[in-house]
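First comes the structure, then the notes that go with it.
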Amino acid sequence: MAQEDQSRHGMWSSRLLFILAAAGSAVGLGNIWKFPYIVGENGGGAFVVVYLVCIFLIGVPIMMAEVLMGRHGRQSPINTMRLLVKESNARPFWIMIGWMGVLAGFLILSYYAVIAGWAFYYIFQLASGLFEGADGAFATETFNTFLADPWLMLFWQTLFMALTVFIVSRGVSRGLEAAIKWFMPLLFILMVAVVGYSMIWGDFAAGLSFLFSFDVSALSVDGVLIAMGQAFFTLSLGMGAIMAYGAYVPMNTSVTQTVITIALLDTGVALAAGLAIFPIVFASPGLEPGQGPGLMFVTIPLALGNLPFGAIVGAIFFALVSFAAITSAISLTEPALAYLVEEYNAKRERVAISLGVICWVLGIGTVLSFNVWADFHIVGEKTFFDFVDYVSQNIMLPLGGLLIALCAGWVLPKALVKAQLKLPAGVEPVWSVLIKFVAPAGVLAVFVYTLFGNVVA
Ligand code: PFF
């Protein structure tokens, strides 16, 4: 049952590079743009606690499962699942994990590129000094004017997609590693610097208390589902991205240690983003934490625009957000890309371009959701963007994660899992309980709770 030691797509050149690559996938818009605004919309501290519990009790074991499955299969998630099904004498049903992941990847990347395009645009807005002397109203107005212009948004979305396609088409070491090696360390350093700014010039105490004070009454049923969806999204779980990256991990790398490191890095960046943004919100009249997707685009320019060297630091901040988004976007394409290369012996470049075009077209729906189609609702109050975001992040990723946990816990041969994880005897039962019971039950409970909550609501 021994698998090949190499993947045909290439391998990470070291343990550190895998950590950076997986952290590159995990740390992205989800941490810097989304985490603060959904914390803001869902009442703060209590939401953060649910989120942290989901990360460590559900996210970490599922991430370990994805890495071990990918590393055993050494192929795209679809073909890895085919192999695992064969070796486990399981039903072909489980291959759905791979297919659903490809679909979720398309949906997520389609809107991810649009929001990353906003960050691109803001690099130049800040560098131009536009926000010098700005107040909250000006920052909000500037953002709204941008949202109202579909052509401008389309331009930046196109640029982001083109850059992503260019990097992924170069392959694992020349493309993925080359980008990740530089962007990630820079991002960590800059995050610390921006938190420092916020500590000095924002209302840090109010920001801290919003992020960490526990007020259960502020948490809704929907909030719990959103927290879990966010845990999956931020760790890039449930859609095979980490499984695809796992296929390139050398055998001598410890799965458990690396996964815990990745989860800590990811959580650290999300909390740092909250600590950078909320103190500014509370120190600026006219801004509120629950203002939605524009939060980062209003607070950061406002905070930095008024400070010495703020324009340049702000431009660098948005450049790094864009890079963090690119290192995530490339992992969103990897499951589909690797599969098409394997299945049709196609050239990576060609497949990358085709995938990029499909996502780009789909993304136009998101671009229009903020202007021309703003009043067009797919279900309830949800615009096209809200709908794609909700279905992919809050339904498809947790469902994918549930299936992955069940497959790793109940379907795969024990020997296979053991050979991959090499856990010390004392830790093995903990892993078993988490992957067999806690993670699936957690995901299921939240689904049922939400359904029930919506029925009574
Ligand atoms: N984890 C990324 C973020 O937090 O921005 C988003 C993401 C990347 C989700 C890759 C899923 C994925 F497969």
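Every number for a ligand or one of its atoms is a count from 1 in the order of the listing. Quick note: residue numbers are just sequence positions, from 1. Worth knowing before you read on, the calculation uses all heavy atoms, side chains too, and leaves out hydrogens, waters and symmetry mates.
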task: At a heavy-atom distance under 4.0 Å, which protein residues reach ligand 1? Sort them by chain and number, would you?
output: Ser25, Ala26, Gly28, Leu29, Gly30, Asn31, Tyr112, Phe233, Thr234, Ser236, Met239, Ala241, Ser328, Ser331, Leu332
- prompt: Does Phe93 have any side chain to side chain contact (heavy atoms under 4.5 Å, CB included) partners at least two apart in sequence or in another chain, and if so, which?
  reply: Arg91, Met96, Leu403
message: With a 6.0 Å cut-off on the ring centroids, do Trp373 and Phe385 count as close?
response: no
- line: Gln291 meets the side-chain hydrogen bond (donor to acceptor under 3.5 Å, both in side chains) criterion, sequence neighbours left out, with none
query: Looking at Phe370, Phe120, Phe297, Tyr121, which hits ring pair (Phe, Tyr, Trp, His ring centres under 6.0 Å) with Phe146?
result: Tyr121
- prompt: Going by the angle between their ring planes, with limits at 30° and 60°, are Phe160 and Tyr112 parallel, tilted or perpendicular?
  reply: tilted
statement: Sorted by chain and number, sequence neighbours left out, ring pair (Phe, Tyr, Trp, His ring centres under 6.0 Å) with Phe212 holds for none
